[in-house]
Amino acid sequence: MKKLITLLLLIFNRISYSEIKIKVKPLEFHEIRAQNSGLYSATARGIIIITTDNLDEDIGKLIKFKTPEQLVLSNGKNFIKSENINFENKKDEIIIEKENEKLIYFVILDKKEFSQGKNQNEIEGDYLGTLPLNYSIYGKEEEI
């Protein structure tokens, strides 16, 4: 009986639990230039922060992200659809190599939404939106 309890304690001590936290920061607009002839560009930038509390256990794990094709942002008066969502390195996945990883994504706004005959007061303002994000965490590959 003592051997069984000792064996169980050794097994449970070897198992370590790690936690991977993923935080999505709000979008920040870099550039919105509106003139009489229309909108030249509208790009928002966001950051996904990935942290782990047990790097030895989590190093080499693959995290894949899936985002919707479009977002809707609002300033309280006006809703704007995004054209598309792109990640910085054209990759929607990351391999954990450090305790804190950052993945930058860009949201390009649909230029047609700004030029639908709305006055300047409706267009101006702080647009808020969040990125709905689905992610999968895959274990690291075992060497054979």
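Values in this document were obtained by computation on a predicted structure and should not be read as measured data.
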Check: Tyr135 and Ile20 side chains under 4.5 Å, non-hydrogen atoms: no

Sequence neighbours excluded, every pair satisfying salt bridge (Lys or Arg N to Asp or Glu O under 4.0 Å) that has a member inside residues 61-73: Asp58-Lys61, Lys64-Glu93

Sub-4.5 Å side-chain heavy-atom contact between Tyr105 and Asp92: no

Close side-chain approach of Phe65 and Ile48, heavy atoms under 4.5 Å: yes

Point-to-point distance, once rounded to the nearest 0.5 Å, from CD1 of Ile50 to NZ of Lys98: 10.5 Å

Counterpart residues, side chain to side chain contact (heavy atoms under 4.5 Å, CB included), relative to Asn84 (two or more places apart): Asn86, Ile108

Interatomic distance, Glu19 atom CD to Asn54 atom CG [nearest 0.5 angstrom]: 11.0 Å

Listed partners of Thr51 passing side-chain hydrogen bond (donor to acceptor under 3.5 Å, both in side chains), at least two apart: none

Sub-4.5 Å side-chain heavy-atom contact between Ile63 and Ile96: yes

Residue pair Leu133 / Thr67, side-chain heavy-atom distance below 4.5 Å: yes

All side chain to side chain contact (heavy atoms under 4.5 Å, CB included) counterparts of Leu71, not counting sequence neighbours: Leu27, Pro68, Ser82, Ile85, Val107, Leu131, Pro132

Listed partners of Ile5 passing side chain to side chain contact (heavy atoms under 4.5 Å, CB included), at least two apart: Met1, Leu9

Partner set under side chain to side chain contact (heavy atoms under 4.5 Å, CB included) for Glu88, not counting sequence neighbours: Ile104, Phe106

